[in-house]
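Quick note: residue numbers are just sequence positions, from 1.
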Amino acid sequence: MILRRSMLFLPGANAAMLSTAFVYKPDSIMFDLEDAVSLREKDAARLLVFHALQNPAYADIETVVRINPLATPFGLADLEAVVRAGVDIVRLPKTDSAADVHELEAQVERIERECGREVGSTRLMAAIESASGVVNALAIATASKRLVGIALAGFDYVMDMQTERGDGTELFYARCAVLHAARVAGIDAFDVVYSDVNDEAGFLREVELIRKLGFNGKSLINPRQIELLHNAYAPTEEDVEHAQRVIAAADKAEREGLGVVSLNGKMIDAPIVNHARRVLQRAQASGVRK
């Protein structure tokens, strides 16, 4: 079970952060070559990220790089560098259609063949940041077998919708569209950044919402948010105990050849048993909520 609860953004031009961020132990680290890097720093940031990807300290953390769009003067150079450096996942910003994914996939395969990297080993993630991207979410999510997830990026999306970040109402449709597309495709779904790093209560309210909706995780901009997020995603002791009782009841019924399984007078069917197994898997992988 691959946990992708936390994806920590790191500005690609910040050498100090690139050399130490592994100590925070997020599930994934995302080196950003796009919005977090000024135009005059693009080339320097690309070189810094190229070397950071080969740092043995990152060997046990999933690495992601957000490249610049391929239509810009920087996108293809970013892609050449990070694929050759061995990045795990390339995140494509401003993905509006399946064609964007197909173009990225073709370029990645070409680079893999040229540099001798195993074809197919570089995985992809599409960031949806516009009304067009949300409407085309299903086509995007199913565009490539290399895709491990799709992510909703809130700021550009609300600008495109001519609104602003508020209580979450402005993102509800987009969140549901992205999440449903991910589930149909069998890939992960990632929620937007929560930008007020000093508002822990607000952050936790948003995390509880997206956890209940079904998102696998969230993009983060501050290491202080990692532990809060991981703890919120961990099952409680009560969750674990109930899951254990469900599994035990299902196993007992199977041994006795019973067609009907019940626990405390309530019917237990296959989806409930499968959910219980996922709870125990999460507890084994991430511990129990503090």
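Under a 3.5 Å cut-off, the side chain of T72 and the backbone N or O of N68 do not form any donor-acceptor pair. Of the possible polar contacts, one joining the D32 side chain to the A36 backbone as a donor-acceptor pair under 3.5 Å is found. Between the side chain of K42 and the backbone N or O of E34, at least one donor-acceptor pair lies under 3.5 Å. Side chain of H275 to backbone of P271: no donor-acceptor contact under 3.5 angstrom is found. In this structure, R224 contributes its side chain and V197 its backbone to a donor-acceptor pair below 3.5 Å. Under a 3.5 Å cut-off, the side chain of N216 and the backbone N or O of R5 do not form any donor-acceptor pair. N136 contributes no side-chain N or O that, together with a main-chain N or O of G133, makes up a donor-acceptor pair within less than 3.5 Å. Of the possible polar contacts, none joining the N55 side chain to the A52 backbone as a donor-acceptor pair under 3.5 Å is found. Between the side chain of E206 and the main chain of G202, no donor-acceptor pair closer than 3.5 Å is present. A donor-acceptor contact shorter than 3.5 Å links the side chain of R183 to the backbone of G214.
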(request) Decide yes or no on salt bridge (Lys or Arg N to Asp or Glu O under 4.0 Å) for E208 and R205, but give the supporting numbers first. (result) CA-CA 5 Å; E208 185 66 7; R205 282 195 299 271; over 6 Å; no
(message) Between M7 and R91, is the side chain to side chain contact (heavy atoms under 4.5 Å, CB included) condition met? List the steps.
(response) CA-CA 11 Å; M7 184 177 303; R91 176 162 162 157; 3.6 Å; yes
(request) Would you sort out whether E105 and K145 count as a salt bridge (Lys or Arg N to Asp or Glu O under 4.0 Å), showing the intermediate values? (result) CA-CA 10 Å; E105 182 177 40; K145 293 185 178 181; over 6 Å; no
(message) If you apply the rule salt bridge (Lys or Arg N to Asp or Glu O under 4.0 Å), what do you find for D188 with R4, and how did you get there?
(response) CA-CA 8 Å; D188 290 342; R4 293 192 177 101; 2.9 Å; yes
(request) Evaluate the criterion side chain to side chain contact (heavy atoms under 4.5 Å, CB included) for residue pair I247 and R277; output intermediate values, then yes/no. (result) CA-CA 7 Å; I247 299 299; R277 296 192 194 283; 3.4 Å; yes
(message) side chain to side chain contact (heavy atoms under 4.5 Å, CB included) for Y157 and E170? Distances and angles first, verdict last.
(response) CA-CA 10 Å; Y157 171 73; E170 73 287 349; over 6 Å; no
(request) For the pair R165 and F155, evaluate side chain to side chain contact (heavy atoms under 4.5 Å, CB included) and give the outcome as yes or no after the intermediate values. (result) CA-CA 8 Å; R165 284 286 264 131; F155 180 76; 6.0 Å; no
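Side-chain contact, S130 with D96: a donor N or O sits under 3.5 Å from an acceptor N or O. Side-chain atoms of Y194 and D199 form a donor-acceptor pair, as typed in the model, at a separation below 3.5 Å. A side-chain N or O of T63 and one of D88 form a donor-acceptor pair less than 3.5 Å apart. No donor-acceptor contact under 3.5 angstrom links the side chains of Q281 and R278, judged on distance only. Checking S6 against H230 by side-chain atom types alone, a donor-acceptor pair falls below 3.5 Å. Remark: the T122 side chain and the R117 side chain contain an N/O donor-acceptor pair separated by less than 3.5 Å.
No more than 12 heavy atoms of other residues, nucleotides or ligands shown are found within 6.0 angstrom of CD on E227.
E103 meets the salt bridge (charged side-chain N to carboxylate O under 4.0 Å, His left out) test with no other residue; sequence neighbours excluded. Taking D156 as the reference, K94 meet the salt bridge (charged side-chain N to carboxylate O under 4.0 Å, His left out) condition, with sequence neighbours excluded.
Within the model, atoms CG of D43 and CG of L33 stand 10.5 Å from one another, a figure rounded to the nearest 0.5 Å. Residue T169 holds its OG1 atom at 3.5 Å from CG of D167, rounded to the nearest 0.5 Å.
No continuous path of hydrophobic side-chain contacts links M125 to I210 [ILVMFWY only; heavy atoms under 4.5 Å]. Both L228 and V192 sit in one connected hydrophobic cluster of ILVMFWY residues. Membership requires side-chain heavy atoms under 4.5 Å apart, directly or through other members. With hydrophobic clusters built from ILVMFWY side chains whose heavy atoms lie under 4.5 angstrom apart, F172 does not share a cluster with V193. Follow the hydrophobic side-chain contacts under 4.5 Å out from M30 and you never reach I67; the two are in separate clusters.
Tested against L171 for a side-chain contact (heavy atoms from CB on, under 4.5 Å), the candidates V178, L209, V158 yield a single pass: V158. Screening I89, V148, V108 against L124 for a side-chain contact (heavy atoms from CB on, under 4.5 Å) leaves a single residue, V108. Partner of T95 under the side-chain contact (heavy atoms from CB on, under 4.5 Å) criterion, out of I150, I140, L104: I140 alone.
Between E118 and R123 there is no salt bridge, since no side-chain nitrogen of the basic residue lies less than 4.0 Å from a carboxylate oxygen of the acidic one.
Applying the ring pair (Phe, Tyr, Trp, His ring centres under 6.0 Å) test to every pair with at least one member in residues 5-42, sequence neighbours left out, gives these pairs: F22-Y58, F31-Y58.
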